[in-house]
J.: 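Structure in structure tokens, see below.
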There are 2 protein chains.
Amino acid sequence: MSGAPREEVPVGLPRNYLRPCLLLLLAEGTSHGYELLEQVSALGLDRVDPGGLYRSLRAMDEEGLVRSSWQPSASGPARRTYQLTDEGREWLHAVAGSLAEISRSLEAYRARYQAVLEQSRPAR
Amino acid sequence: MSGAPREEVPVGLPRNYLRPCLLLLLAEGTSHGYELLEQVSALGLDRVDPGGLYRSLRAMDEEGLVRSSWQPSASGPARRTYQLTDEGREWLHAVAGSLAEISRSLEAYRARYQAVLEQSRPAR
DNA sequence: CGCCGGTAGGTGCACCGTACAGCTACCAGG
DNA sequence: CCTGGTAGCTGTACGGTGCACCTACCGGCG
């Protein structure tokens, strides 16, 4: 409404959140890109573009966090299946700790925000 | 411990997290850049660089989320003090909702991570 | 057969937030 | 005068993200 030039709220998920999600899914079992693409949406990631996902997988492959191998598909093109490595598992544990820290920060924010809300609503 | 080759874990706070923090602090009372610079660390932001903070404040000023005015200091250089506008307050409410969503996503991740942990520790 | 749609993987590129580095200016104290 | 703290600002490179686009395989349909 009014003349306000409609400004989107550009606050999103943690930076590089895709990688933790992929590692977690791969910790649940080996998979391939296209399948992961459909599964990540369950973790809060919305409208993931395939390009970024495949790039992320390749990068983690080169870093040794995952291992990939081509496997023929019964019906359709071949798939590059990814498997978590020990190093990737370590990385997953480390990143889970970081995400927990972030959760704590967000909780601190929420509490402080609530305090501001109540302060500006003295009635009652 | 752990002699792992120290691959940094590049997972950080939500994107554009600085703005919500600044808006929240300004909702608690008017302030100026240098003071905000010291206060944001309490909200989880670590090693914020002044450049980005001042730029962020300027940007929000131009977008109408805050209003600024120069005020002389008793001892030291003049300060540009910032004050939250109504539009900024709306933005704060909206962004608090977004952060709550992010918290929910992180909680989903944590739960799923815990499940993987317990699954991979059946014996021994 | 040719074409389409779904599966599966990939590249190029522009945008933008972030990080790092540096700068000016004001004021107080030694 | 020079240092150190306060206060604000700029320049720039890096990297993650988003958008667009592309190849290739396969099955089914007209």
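No hydrogens, no waters, no symmetry mates; every other heavy atom, side chains included, goes into these values. Just so we're on the same page: letters track the sequence lines, and every chain starts at 1.
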J.: Test for a donor-acceptor pair under 3.5 Å between the base of C/dG12 and the side chain of A/R55, counting only N and O atoms.
T.: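 Flag set: donor-acceptor pair detected.
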J.: Evaluate A/E87 against A/W91 for side chain to side chain contact (heavy atoms under 4.5 Å, CB included), listing each step before the verdict.
T.: CA-CA 6 Å; A/E87 198 179 339; A/W91 209 89; over 6 Å; no
J.: How would you label the contact of B/N16 with the nucleic acid (heavy atoms, under 4.0 Å): base, sugar-phosphate, or nothing?
T.: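 Sugar-phosphate, backbone atoms only, no base.
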J.: Indicate, with a heavy-atom threshold strictly under 4.0 Å, whether A/G33 touches base, sugar-phosphate, or nothing.
T.: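 Answer is sugar-phosphate: A/G33 comes under 4.0 Å of backbone atoms only.
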J.: So does B/R79 get a side-chain nitrogen or oxygen closer than 4.0 Å to the phosphate oxygens (OP1/OP2) of D/dA7?
T.: yes
J.: Which sits closer to the 5' end of DNA chain D, B/G76 or A/A78, going by the nucleotide each is nearest to?
T.: B/G76
J.: Taking atom types as modelled, is there a side-chain donor on B/S69 or B/T81 under 3.5 Å from an acceptor on the other?
T.: yes
J.: Name the closest nucleotide to the B/P77 side chain, picking from D/dC19, D/dT6, D/dC9.
T.: D/dT6
J.: When you match A/S75 and A/P50 each to their closest nucleotide on DNA chain C, which lands nearer the 5' end?
T.: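 Of the two residues, A/S75 wins.
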J.: Do B/R15 and D/dG18 have a side chain to base donor-acceptor pair shorter than 3.5 Å?
T.: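 Under the 3.5 Å cut-off, the side chain and the base do not form any donor-acceptor pair.
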J.: Expressed in angstrom and rounded to an integer, what is the separation of A/E38 atom CD from C/dT7 atom P?
T.: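 Spelled out: CD on A/E38 to P on C/dT7 is 7 Å.
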J.: Mark yes or no for a side-chain to base donor-acceptor pair under 3.5 Å between B/R58 and D/dG8, with no hydrogen or angle criteria applied.
T.: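 In this structure, the two groups form no donor-acceptor pair.
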